[in-house]
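The structure appears right after this line, and notes come after that.
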Amino acid sequence: MNFTDTHCHLADPALRENLTHVLTAAREAGVGRFIVPATRPQDWQDVADLAQRSSENPLLGNIHIAFGIHPWFSDDVSEPDFQRLEQALQARPTAWVGEIGLDFYDKTQTPPQRERQIQVFSRQLAIAQTLRRRVIIHNLKATADIAAAVKRTGFTRGGIVHAFSGSIEEARVLAKLGFKIGIGSLLLNPNARKVRDTLKALNDGDFVLETDSPFMLKKEINTPANILRIAEIAAQIRGVGAADIAAITERNADSLLRP
């Protein structure tokens, strides 16, 4: 079985410092392709360096990268950052835009703070549309506003809404806008019922697998090798074999990664 981890922060120090071991374990679990996002301008060079290393050493795996500004850092963004983003993307024609999006989980956020997130997200969607790039979206409690921004900016390139934790109704809204639903490490928590119900109801063509390494697990550092565990749980939920999940999600990842 072959798998793609469609969201893993391999440039994070928790993984980068032991990257050869991490990727060897991933390869042994069948994971040979990785999509690696950045979260702020300070990360972009590290992610670019990782892609360069993988191009020089095939044993590291097939690494695809993305540059973006995560909603947590929206307040720190200035106009030169958007210009740098465009330049970084133009220098790397296969890079996506991500991790971008909206995070409205914190109920203490003020309306201006949320509006700033929407502005930064919308600006990056516009850049992605102009440069014909897919996007990786972070979405917490913000599906309606994400859908509105996608429609308002005329973004049509699609991508992935990662670490999905919403309802099947929300997933269908996003799928209709051209996004795959990132199903990941929440499945490792047996109490995460909503994501299991959502996965069971999704169409085959609407989801991909991810870990969000090194995050999401409380007692251990998450790694891409956990894709195999996630796939096995997904197979149980959908009543198929793990090989079926591998075939479905690889086909969906292929469709996104084609130029």
- Task: Report yes or no: does Arg33 contribute a side-chain atom to a donor-acceptor pair with the main-chain N or O of Ile63 at less than 3.5 Å?
- Result: no
- Item | Main-chain N/O of Phe207 paired with Asn252 side-chain donor or acceptor, under 3.5 Å | yes
- Message: Donor-acceptor check, side chain of Arg16 to backbone of Leu10, threshold 3.5 angstrom: yes or no?
- Response: no
- Query: Do Leu125 and Phe73 share a hydrophobic cluster (ILVMFWY, side-chain heavy atoms under 4.5 Å, transitive)?
  - Reply: yes
- Asn139: side chain to side chain donor-acceptor pair (under 3.5 Å) partners, not counting sequence neighbours: Thr143
- Query: Arg92 side chain to Ala66 main-chain N or O, any donor-acceptor pair under 3.5 Å?
  - Reply: no
- Within the side chain of Arg196, is there an N or O that forms a donor-acceptor pair under 3.5 Å with the backbone of Leu187? yes
- Consider only side-chain N and O atoms of Gln90 and Glu86, and report whether a donor and an acceptor are under 3.5 Å apart. no
- Task: Quickly, which of Asp204, Asp206, Asp244 forms a salt bridge (charged side-chain N to carboxylate O under 4.0 Å, His left out) with Arg238? Name it, please.
- Result: Asp204
- Measure the shortest side-chain to side-chain distance between Ser55 and Gln52 over non-hydrogen atoms and say whether it is less than 4.5 angstrom. yes
- Query: Is there side-chain contact between Phe164 and Leu199, with at least one heavy-atom pair below 4.5 Å?
  - Reply: no
- Message: Please check this pair: side chain of Lys180 against backbone of Gly205, looking for a donor-acceptor N/O pair closer than 3.5 Å.
- Response: yes
- Query: Do His7 and Asp5 have a side chain donor and acceptor closer than 3.5 Å?
  - Reply: no
- 4.5 Å side-chain heavy-atom contact, Trp96 and Ile65: no
- Query: Would you say Phe82 and Val120 make side-chain contact, with heavy atoms under 4.5 Å?
  - Reply: yes
- Query: Is Leu217 reachable from Leu209 through a run of I, L, V, M, F, W or Y residues, each pair having side-chain heavy atoms under 4.5 Å apart?
  - Reply: yes
- Item | Derivation of the side-chain hydrogen bond (donor to acceptor under 3.5 Å, both in side chains) call for Thr153 and Gln129 | CA-CA 9 Å; Thr153 58; Gln129 181 69 15; over 6 Å; no
- Task: Taking the side chain as every heavy atom from C-beta outward, state whether Phe67 and Val97 have any pair of such atoms under 4.5 Å apart.
- Result: no
- Query: Is the side chain of Gln124 donor-acceptor paired with the backbone N or O of Ile69 at a distance under 3.5 Å, no angle test?
  - Reply: yes
- Query: Is there side-chain contact between Asp103 and Trp72, with at least one heavy-atom pair below 4.5 Å?
  - Reply: yes
- Strictly under 6.0 Å, is that where the ring centroids of His9 and Phe215 end up? yes
- Okay, side chain of Arg258, backbone of Leu256: is any donor-acceptor separation there less than 3.5 Å? no
- Message: For a quick check under 3.5 Å, do Thr211 and Asn226 share a side-chain donor-acceptor pair by atom type?
- Response: no
- Task: Without swapping roles, check the side chain of Arg157 against the backbone of Val135 for a donor-acceptor pair under 3.5 Å.
- Result: no
- Task: Any chance you could measure Arg84, atom CZ, to Ser78, atom OG, to the nearest 0.5 Å?
- Result: 9.0 Å
- Message: List the residues meeting side chain to side chain donor-acceptor pair (under 3.5 Å) with Thr198, not counting sequence neighbours, and say none if there are none.
- Response: none
- Please examine the side chains of Phe104 and Leu140, heavy atoms only from C-beta on, and report whether any two atoms are closer than 4.5 Å. no
- With Gln83 via side chain to side chain donor-acceptor pair (under 3.5 Å) - residues at least two apart: none
- Task: Report whether Leu19 and Val47 are members of the same hydrophobic cluster (ILVMFWY, side-chain heavy atoms less than 4.5 Å apart, transitive linking).
- Result: yes
- Task: Check for a donor-acceptor pair, side chain of Glu56 on one end and backbone N or O of Arg53 on the other, with a separation under 3.5 Å.
- Result: no
